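Here the structure comes first, spelled out in structure tokens, and everything after it is commentary.
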Number of protein chains: 2
Amino acid sequence: MKEASGRRRTVRISDVAAAAGVSKTLVSYALNNRPGVREETRERIVEKARELGWTPSLPARALSVSRAYAIGLVFEKSPEALASDQYYTSLMAGLQSVLANERYSLVTEVVESTEAEREAYLRLAQDGRVDGMVIVDLRQDDPRFALVREAGLAFVSLGWPPERTTMPVLVYDESEAITDVVRHLVDLGHRRVAQVVGPQTNAPARLRRELYQKRFREHGIDASRWIESDYTAAGGRAATAALLDGDRRPTAIVYSNDLMAVAGMSAAFSRGLRVPTDISIVGWDDITISQYLHPALSTVTQHPFDDGKVAATLLLEAIGGREFVEPVWMPNPRFVPRESSGPASA
Amino acid sequence: MKEASGRRRTVRISDVAAAAGVSKTLVSYALNNRPGVREETRERIVEKARELGWTPSLPARALSVSRAYAIGLVFEKSPEALASDQYYTSLMAGLQSVLANERYSLVTEVVESTEAEREAYLRLAQDGRVDGMVIVDLRQDDPRFALVREAGLAFVSLGWPPERTTMPVLVYDESEAITDVVRHLVDLGHRRVAQVVGPQTNAPARLRRELYQKRFREHGIDASRWIESDYTAAGGRAATAALLDGDRRPTAIVYSNDLMAVAGMSAAFSRGLRVPTDISIVGWDDITISQYLHPALSTVTQHPFDDGKVAATLLLEAIGGREFVEPVWMPNPRFVPRESSGPASA
DNA sequence: GTGGCTCCTTGAACCGGTTCACGGCAAGCT
DNA sequence: AGCTTGCCGTGAACCGGTTCAAGGAGCCAC
């Protein structure tokens, strides 16, 4: 097929103006629902525009109003880690679900170092490619807040930012789910438990670990056994191996994501241990396959799609000028006991 | 923190021109490496530009050269299906890995119907938001090719397009891996095998099913047992249930993706069957957790990240005007036998 | 009849780049 | 000396929208 191009003739605002017999100013007013256009004229213009199939050129509009009509999402993550974590994809889908209706687009980037992340932020901002950023996976002393501040970009933060801000912030309380997990394990008789946690430079990962420890202590359980890992399957397997091969093997292990938990189960199996008879496993995330595993994984469900929806809505409002004083609380994650956790072995 | 805005004063090309004591035309020439600028002058301009931290405004450039400096990727998929399939995320990462260096961005959309998909395509094209599209998951009589043709957009197709085109096409040969899987199963003594396949409106899904059937027949195996499913875990589980609960239970099932295979294993387990002792399972994709399952899943590995890299490279060349006559062959998928396939039960 | 007011409409500037056509100047040629 | 040629540089138009300030028409009141 010969690409039937030959200069795609796009219809401009001046074409609509000519067709309707008015100035292009009036067309602009009419189609942006500005006051000061006679109703009859407005209708005629709208009709003509529809007839000609006119849609405004985004670059042109972007240039004149200094808005990109797009928001950015930068993942600082290995492609592998990104691909195997459903949270982000669902979050994206949630963002899209509201952006599409507002004629906004989502510009994504995947970078593999904080240096590249910095460049990506600067580039998106300086190029005028986006009007705001979605900030996820908050880290200790997160540099991204300074970047958006300097760039004058709006943002929405999924998690507590380091300073007060007038931008929207989404938070939720993990302590309830954690309390449930710990009680569940204690009720099943577990006394020797260990944690496999995410990178401790990552603020939520740290908080989650601390909340678990707090609850463990409240039940008189030694909370000192935790291993820092990296949310990958390989990392989870290695951490689990260390726990299982050490002395005083735990009777239960809680993981900070499902992927590590699955890998942990695999490590247990390869040592001839049975789950949950010999060791109980609890994950975090509730990825799709968790319920299809054998045994099905006890875990904590989150709501990334809804997070995305709310984040996008608020970010658009922030871009529109709204100021936020209070963080928005999202529904809490919820513990879902399944087959991988059972009575403690003797 | 008070957002330190107060109108972010961006540096324009005219500022650079003033600083270097030349016209803005010359600045433009100098920074775009055009001929007709004295070397000494060019250096002075570049120096000043760097000093002032100038980067071109994307909307402005986009407006004047009619290029968006972005490419689009539209997924017509439920968020759930998208999130649980690593292929797409890895593909995105692969695309990004080359786009970032070229100052191109990736604009993604997630839509849930072919109608919404159509709108997304039209919108991206008419708005002048992208210069080209990445077309994945080819369907029967795929409408997207007509859309990009009408819109005059460049594209790269991952799979055979319905008509000849001068745009880049990426293909690979699955028959080799399929031959290996079938020989593997035959060598293990399997004679009753079934397939759980993807939506047959999806061209590659159909082809994969046919290739499997062809090989089965070559070994004198009844190839008529296949169930169409939807690539989701729930679908895979239901299809597997139908196969296991029918008469003449197969001794092996091959799935068109890992997610369905995992769900299939789960269905087998819940009926008290052992894998692979009672039934062998083979997937397709090699998602991260496949090797961490118990038993580890025999499957076929692909290279979505590399696909993305190559696709982006070729698409950029196509946008630059290059015409393609031959499709580009990617490395073939490869069968990876693991623990979920073993000798046929009696 | 004139001033003032409201309502609708328009010309022109502007957003920040790219690019075309042209001009000045020095060197090279006859 | 006069003409061509090439190099380097510039003014102005253009991309396709938005928006400001101003203008014309119609109406009312004094």
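All values reported here derive from a predicted model rather than from experimental measurement. Residue numbers start from 1 in every chain, and the chains themselves are labelled A, B, ... in the order their sequence lines are given, proteins ahead of strands. Excluded from the calculations below are hydrogen atoms, water molecules and symmetry mates; all remaining heavy atoms, backbone and side chain alike, are included.
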Looking across every strand, which nucleic acid part, if any, lies under 4.0 Å from B:Ser57 by heavy atom: base, sugar-phosphate, or nothing? sugar-phosphate
5' precedence on DNA chain D between B:Leu26 and B:Ala60 (nearest-nucleotide basis): B:Leu26
Specify the separation, in whole Å, of atom OH of A:Tyr29 and atom C1' of C:dA12. 12 Å
Pick base, sugar-phosphate or nothing for A:Arg34, based on heavy-atom distances below 4.0 Å to the nucleic acid. sugar-phosphate
Any donor-acceptor N/O pair, A:Asp131 side chain to A:Tyr69 backbone, under 3.5 Å: yes
Under a 4.0 Å threshold between the charged nitrogen and the carboxylate oxygen, would A:Glu76 count as salt-bridged to A:Arg144? no
A:Arg44 CZ to C:dT9 P, in whole Å, measures 8 Å
Is there a donor-acceptor pair closer than 3.5 Å between any side-chain N or O of B:Asp127 and the backbone N or O of B:Arg129? no
Can you tell me how far P of D:dG17 sits from NZ of A:Lys24, to the nearest Å? 8 Å
For B:Ser23 and D:dT10, is the shortest distance between a side-chain N/O and OP1 or OP2 below 4.0 Å? yes
Does A:Lys77 come within less than 4.0 Å of A:Asp85, counting only side-chain N to carboxylate O? no
Rounded to whole angstroms, how far apart are CZ on A:Arg12 and P on D:dT18? 15 Å
Do B:Thr25 and C:dT18 share a donor-acceptor pair, side chain to base, under 3.5 Å? no
